[in-house]
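See structure below.
Positions are given from 1, in the same order as the sequence printed here. All values derive from a computational prediction rather than experimental measurement.
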Amino acid sequence: MMLRCLLLLAIFFLTGPTTHGGESRPVVPAVFLFGDSLVDVGNNDYFLTVAKANFPPYGRDFKNQVATGRFGNGKLLSDIIAEKVGFTGSPPPYLGMRASGQNLMTGANFASAGSGYYDPTALEFKVIPLSQQLEYFKEYKSKLTVVAGNSQSHAIISGALYIISAGSNDFGPNYYINPLLFKTLTVDQFADLIVSIFSNTVTQLHGMGARRIGVFSLPPLGCFPLAITVFGHGRGGCVSRLNRGSQIYNKKLNIAVNTLSRQYHDLKIAVLDIYTPLYNIANSPRSQGFIEARRSCCATGTIETSVFLCNPLSIGTCPNATSYVYWDVAHPSEKTNQLIVDSFLVELGSLAA
């Protein structure tokens, strides 16, 4: 059985999406994304918040050099994952005009930069909490039924790939700097809280028809340039305390995913590990063709992100983002995103198969 699964996965990644009548067909009917800026393709463009990226130099390496609201120089993890399963990129942001009519049939992106599992995290940045993203998904389902009918709508919802990217903002710009949290809860206790919200999120999605769910682990938060500046006082190496926090959370996340897999026998669910590849790249950048991992490309690369100094007036932005692990101090470059997705293709293939 294991050999058969491996052969199927090998065929999937060697041949790509299936073909029908000479036309390429995605291996899943739709993709849905929830969470934060690692996958948000522009929902925050449609309301007032400081967590925006719809201005240069963001998007300078994206199609037509357009700043769409993606927190990067080019493609995000959401775009690359969608490409791997046969689409041209991430589905459109749910709040945008393109998320209507026939476009609804290939999915939607509900993610909001600055959000997390813990609703107070999103409220700090005045962005869309994960709980509201789930409400938008309920609304989406009603719209889809009108467009596709009950039978096809059910097939799309049950066959789709769901990606959850959350947790980084709960820890980074919330727990570690909020005395109301770090003085009352240990990292272990806060991780328990966040994982419990994750489990409830999966339970809700399963109840709404989701059957293929991939969830991102926490990245090595201590290796991001902003963490090195703020918590490492710019000394250069990753901040081990923050990375230990990510590891504590990731261990609990894996246990929770195994529990959910046993609880729901019709659910395919997997952790998509972004900690390991990003940690390895950040600590051995030249092995992957990078020259800089401690500073990001935008401006000085030490404190700049979003409207806070990574903007059209920024001075010092690098000419070639492919040499940098990070685009801004809190987000990987497109090249790094490609390497991260490549590292979990087996898990992605298992979900899509």
For Ser168 and Leu218, run side chain to side chain contact (heavy atoms under 4.5 Å, CB included): C-alpha distance rounded to whole Å, both residues' side-chain angles, the deciding distance at 0.1 Å, then the answer. CA-CA 6 Å; Ser168 294; Leu218 277 191; 3.9 Å; yes

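- Under the 4.5 Å side-chain criterion, counting only non-hydrogen atoms from C-beta, Asp36 is not in contact with Ser112.
- Interatomic distance, CG of Asp40 versus OH of Tyr94, reported as 15.0 Å (0.5 Å rounding).
- Side-chain contact check for Leu351 versus Tyr162: every heavy-atom pair is 4.5 Å or farther apart.
- Using a 4.5 Å heavy-atom threshold, the side chains of Leu205 and Ile164 count as touching.
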I would like to know whether Tyr326 and Glu292 meet side-chain hydrogen bond (donor to acceptor under 3.5 Å, both in side chains); could you show each step before the answer? CA-CA 8 Å; Tyr326 300 96; Glu292 181 58 70; over 6 Å; no

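- In this model, Cys318 has its SG atom no nearer than 2.5 Å to the SG atom of Cys298.
- When all heavy atoms of Thr184 and Leu180 are compared, the pair lying nearest together is OG1-O, 2.6 Å.
- Across Val329 and Phe224, no two heavy atoms sit closer than the pair O-CB, 3.6 Å.
- A salt bridge links Arg211 and Asp266; the closest N-O separation between the charged side-chain nitrogens and carboxylate oxygens is under 4.0 Å.
- Salt-bridge check for Lys252 with Asp192: passed, with a basic side-chain N closer than 4.0 Å to an acidic carboxylate O.
- Between the side chains of Gln263 and Thr259, not a single donor N or O lies within less than 3.5 Å of an accepting N or O.
- The shortest distance between side-chain heavy atoms of Phe171 and Tyr118 does not fall below 4.5 Å.
- Side-chain contact between Leu33 and Asn109 is present, with at least one heavy-atom pair separated by less than 4.5 Å.
- Between Tyr279 and Tyr275, the ring-plane angle classifies as parallel under the 30° and 60° cut-offs.
- Geometrically, Lys75 does not engage Phe62 in a cation-pi contact, judged by NZ or CZ lying under 6.0 Å from the ring centre and within 45° of the ring axis.
- Of the inter-residue distances, the one linking Ile80 atom CD1 with Glu334 atom CD reads 6.0 Å to the nearest 0.5 angstrom.
- No side-chain heavy atom of Tyr175 sits under 4.5 Å from any side-chain heavy atom of Leu193.
- Looking at Gln133 and Ser115, their side chains come closer than 4.5 Å, going by heavy atoms from C-beta outward.
- By the 30° and 60° cut-offs, the orientation of the rings of Phe34 relative to Phe110 is parallel.
- Side chains of Asn243 and Ser240: a donor-acceptor N/O pair is absent below 3.5 angstrom, by distance only.
- For the residue pair Asn169 and Thr121, no side-chain donor N or O sits within less than 3.5 Å of a side-chain acceptor on the partner.
- For Phe32 and Phe137, the ring centers are positioned less than 6.0 Å apart.
- Considering only heavy atoms from C-beta on, Gln288 comes within 4.5 Å of Ile281 through its side chain.
- For the residue pair Ser333 / Thr336, a side-chain donor-acceptor distance below 3.5 Å is found, with atom types taken as modelled.
- In this model, a donor atom of one side chain and an acceptor atom of the other lie less than 3.5 Å apart for Thr322 and Asn320.
- Within a 6.0 Å radius of NE2 in His154, other residues, nucleotides and ligands contribute 12 heavy atoms or fewer.
- In the model, Asn311 has no side-chain atom that pairs as donor or acceptor with a side-chain atom of Tyr58 under 3.5 Å.
- By the rule that hydrophobic residues join a cluster once side-chain heavy atoms approach within less than 4.5 Å of another member, Val66 and Val39 end up as members of separate clusters.
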